[in-house]
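Everything numeric here is computed off the predicted structure, so don't read it as measured data. Along the sequence shown, the residues carry numbers beginning at 1.
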Amino acid sequence: MSNQPTQNHHEEAYISLMRGLRELDLRGSCVPSELYLIGDHTFPLAMNSRGQVLMAASLYGCGRIVVLGHEGYLTAFPALVENALTWLRGDGSENLSVGVYKNIKAVADNLSRSIFQAKVVGAFSNDLEVGVYVTDAYSVGADPKDLVAFLKAGGGVLIAGQAWHWAVNHPKENTLLQFEGNKVSGVAGIYFSEHLGEAECLPVYPQIPSSWMAVVISKDFEDDLDFLLNGVTEFDLQNGVAASEVLVHGPLAFPIGTTEDGQVFLAGAYYGQGRVVVVSHEGLLRRETLAPLWNNAIRWLDEGGQGIVGVAPDLDQAFKLFSKSEFNCEKTNFREDLSVFVCTAYSDEHVEEIQDFVAEGGGLLIGGHAWYWAQTHKGQNSMTDFSGNKILNKMGLSLLDKIIREGLYKAPMPSQAIKDTYHFRRLLHRFAGHVTQGEQLTEHEEECLKKLGGDCANYLHMKAHDCSSYMRVLSTLTDILKKAGMPQVSDTCPVKSPKDHLLLSVGAEVYKVCPDPDVLLPYLIKHNPMMPVVYNQRIKINVNTAGEEEWISTGVYLTPGMKTYMVIPAELVNNGWKIQIGCQTDKLNAEELKRAPCVYERFPVTSEMVQVWNLWGGLIYLVAPPETQVEGAEVIVQMAVPAPYYKTGVTTAAEWSLLRTAPSPWAELEFDNVIFTVPSDVVRDLERPDELATLWKDIMRGITDLAVIPHRFPRKERFVADVQISHGWMHAGYPIMTHKATAAELVNIDLARSKGLWGPIHELGHNQQRSCWEFPSHTTECTCNLWSVYVHEEVLGINREKAHPAMALAKRNSRAEEFAKGGKKLSSWNTWVALETYMQLQDRFGWDAFKNVFAAYHEMCNFPNGNKGKMNLYAETFSYTVEMNLAGFFKSWGWPIEIATEEKLSNLPPWSDHPMVQYD
């Protein structure tokens, strides 16, 4: 029977261990070691004002361990020792027998009046029938593995001592691995260090002590890098390698190989009594140019054991490469008798066994990337769900979904790497000092703050609330935000500095995962006025989605941080439906931000009652998955702010006269084929949305007419206005994104009919472009304008010359002339120049020719891949459509028309008087 506390019960364990204690006076003759903590299950019991841990506890396997930074504490704090023994023997255990190592017999004497039955023993042995074993850190037995096995099987271990004296006498030895006590406690993630701990009189806190000053990097790793990089001058990441970035976040993890801008692709770590090396593409393990590196890595991981190096069967070429060296290699799946295991990051078999294997002294060399997994598992959390991270997160390393560009990267100088290399924990520690105590950051540290913000966000995605190391980082970030606040970003107050970038990106992530977000909210959103709400808003769901997801508007809004429950019909649960809060789904990556980089949230519908919220607030949507048909279902939003929401055929004029004054800052107008999300100010004075609906019905019909598709779109187009978008003044997609400044134009009938709407229709045209008749990058910003010209002339009655200045006849003619004079180079045939080709066709053959061409493409399949093949197909298709040989025309525009195409069209009459003849 396991005596493990259940997940997230470290606080309960701490309370049990410190019961009845008000303070721990460590002042006196004992000079303790500072303890280093790694892994998920370690937590401090005593931490001084400098953040040094002097007492700690952890779990391993089914057992528990308490570590004290000096053996003198075993007798100085008898009440603590009794609490420790009670906790160590486990929940429900009736074994009161305690083994006490002879050198600390005084502990047994102190226990004579307790419930425990102490046995003084000369050494630990497997036949001791005790629930707990107490020892100093200098005498863990002839084979420490026996005591580790006892711990793993459910035993309790109380171990005390200091390693600084040992380290002085063993200057060339690795304290983490070679000091006796660490051969047991290190397995559970607690290490006696060579650093002296500062003894103080410490209060006993009601919760696990935490401090931003707590040790961030426990070692300088120079010796390790010297060993690993011996004979290595560069890392070859060329020729088809798309590696992931590695997040190095553990106190005993360190970068080995990085790009010039600090992205890590190769890293190492100590974990328990073992070590790990991760490279972020498995293909690099077979690369001959990296053979010296892998030889060093395997020797480092093996720690001189000269044992079996097991190579996973799917790494055949790596096996051949390693076998050329002196290693004893075997192709095998994971086995416990290996010395080093080499595998990819793509299997989550044996996760716990591999972690225990390393903790107990094994070496792990693992290769793989997470970016492809992230791209093919949308909506999943790569930090927690990707198999490689299930192994690596606990070891202080994680594979990210960011791709590292190919290149030849220099190996660092070990002594320099320690000082100069970016490290997540070190910089977070420095930034906390900067915010809380005004410590000055270096210029290099300032430059790295934006990266730190992204790394913090990724780290927080681990959601490892049962890990005290994670909770310490979360606590540090929470303290930073409470001290510094979050920048109140807006178009009038943009964020520019690296510090503000960090606070802005981290604020939202901390809010998502902190234990009490409501307490943090006022530090993040300073101005958050109360708004009137509606209760139990009912939304009818009628959808029939095609091959893409679809947003369903609800007409209600949540203020920043406001929470509500949604009642979901059973047929939608666990069927791919999501709830989205916020319409601005563009993610920003700009030096100057007018809003946070990401301001929407999505929640999977996994139960009939779902609580939803968003730090930034936002309109509420249901997101229907592709290929979904639902009719008559009803969703209830328990409490939300009403929004100005008009839906053609549903909202009456009387309802709109009230709704347009609804308090939400965002409004929606849903017409037959298009939906607009705009600031509410834009629609407050809109008295006749039905007339606007008619205008847009005509525009959208024009879009479908030219594209030769049914008048009813399979999914209504969406326009969303925003204070800042990811690129351009507008960009296509679902939704089409536009700046707030253009929102008023979308709802102004008079303006549309007099001046036109070139930009919005250009984006609608983008959404009609099809790969089969597109020639990127030449026509990317060209063929979409066919819809702009068509809709302006055929729907809005605005001549093309007035629709856009670039369409003036004189400009059109000069572009054609300059193109011809420039040698008719295809490299110059793009955007407006390319559009002139199509306009000349339209001038001669009319819009019906284009419609017939598009219709012909609807009937085709098996299209050529490259531009050359597609351009020949287009010339052929247009020629057959208008029954005229256009090969000469297209050749005069620099198109790569093939002889075969000319032969196919030779029986058609040539267009001999085309406008480009004059330049031939």
Any chance the rings of [X] and [Y] have centres within less than 6.0 Å?
{"X": "W373", "Y": "Y346", "value": "no"}
{"X": "Y600", "Y": "W616", "value": "no"}
{"X": "Y14", "Y": "F43", "value": "no"}

Legend entry - Contact list for residues 563-588, test ring-ring contact (aromatic ring centres under 6.0 Å, His included), sequence neighbours left out: none
Inset, instruction - Scan residues 625-664 for pairs that pass ring-ring contact (aromatic ring centres under 6.0 Å, His included), counting only residues two or more places apart or in two chains. - result: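 ring-ring contact (aromatic ring centres under 6.0 Å, His included) check on residues 625-664 returns Y646-W656.
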Please check if the number of heavy atoms outside [X] that lie under 6.0 Å from its [atom1] is greater than 12.
{"X": "E571", "atom1": "CD", "result": "yes"}
{"X": "K697", "atom1": "NZ", "result": "no"}
{"X": "R712", "atom1": "CZ", "result": "no"}
{"X": "N589", "atom1": "CG", "result": "no"}
{"X": "Q380", "atom1": "CD", "result": "yes"}
{"X": "K563", "atom1": "NZ", "result": "yes"}
{"X": "E687", "atom1": "CD", "result": "no"}
{"X": "K594", "atom1": "NZ", "result": "no"}

Legend entry - Qualifying residues under salt bridge (Lys or Arg N to Asp or Glu O under 4.0 Å), relative to E717, sequence neighbours excluded: none
Legend entry - E763: salt bridge (Lys or Arg N to Asp or Glu O under 4.0 Å) partners, not counting sequence neighbours: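 With sequence neighbours excluded, E763 shows a salt bridge (Lys or Arg N to Asp or Glu O under 4.0 Å) to no residue whatsoever.
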Legend entry - Close side-chain approach of L504 to R595, heavy-atom, < 4.5 Å: no
Legend entry - Shortest non-hydrogen contact between V543 and A624, atoms and distance: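 Smallest heavy-atom distance, with atoms named: CG2-CB, 4.4 Å.
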Inset, instruction - Measure the OH-OG1 distance between Y621 and T585 for me, rounded to the nearest 0.5 Å. - result: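 Interatomic distance, Y621 OH to T585 OG1, rounded to 0.5 Å: 9.0 Å.
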Main chain of [Y], side chain of [X]: is a donor-acceptor contact present, judged purely on distance under 3.5 Å?
{"X": "H465", "Y": "C514", "answer": "no"}
{"X": "T661", "Y": "S657", "answer": "no"}
{"X": "S382", "Y": "A374", "answer": "no"}

Inset, instruction - With V510 as reference, evaluate T478, L503, I480 under the side-chain contact (heavy atoms from CB on, under 4.5 Å) test and give the passing residue. - result: T478
Legend entry - Test applied, salt bridge (charged side-chain N to carboxylate O under 4.0 Å, His left out); reference residue, E668; option that passes from R718, R660, K716: R718
Inset, instruction - Tell me, please, which residues at least two apart from R602 pass side-chain hydrogen bond (donor to acceptor under 3.5 Å, both in side chains). - result: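 Residues passing side-chain hydrogen bond (donor to acceptor under 3.5 Å, both in side chains) with R602: E549, Q580.
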Inset, instruction - Report the C-alpha distance between K394 and E352 in whole Å, list the side-chain angles of each, state the deciding distance to 0.1 Å, and finish with yes or no for salt bridge (Lys or Arg N to Asp or Glu O under 4.0 Å). - result: CA-CA 10 Å; K394 286 187 178 183; E352 288 182 15; 5.9 Å; no
With no hydrogens and no angle check, just 3.5 Å: does a side-chain donor-acceptor pair link [X] and [Y]?
{"X": "N393", "Y": "S398", "answer": "yes"}
{"X": "D586", "Y": "S726", "answer": "yes"}
{"X": "T384", "Y": "H461", "answer": "no"}

Inset, instruction - Any chance you could lay out the side chain to side chain contact (heavy atoms under 4.5 Å, CB included) test for K496 and H501, step after step, and finish with the verdict? - result: CA-CA 7 Å; K496 300 176 185 176; H501 265 274; 5.9 Å; no
Inset, instruction - Check the pair W212, H429 against side chain to side chain contact (heavy atoms under 4.5 Å, CB included), reporting the backbone distance first and the verdict last. - result: CA-CA 6 Å; W212 66 267; H429 176 83; 4.1 Å; yes
Show me the donor-acceptor pairs within less than 3.5 Å that the side chains of residues 518-538 make with the rest of the protein, sequence neighbours left out.
residue, atom, partner, partner atom, Å
N528, ND2, P560, O, 2.9
R538, NH1, E634, OE1, 2.7

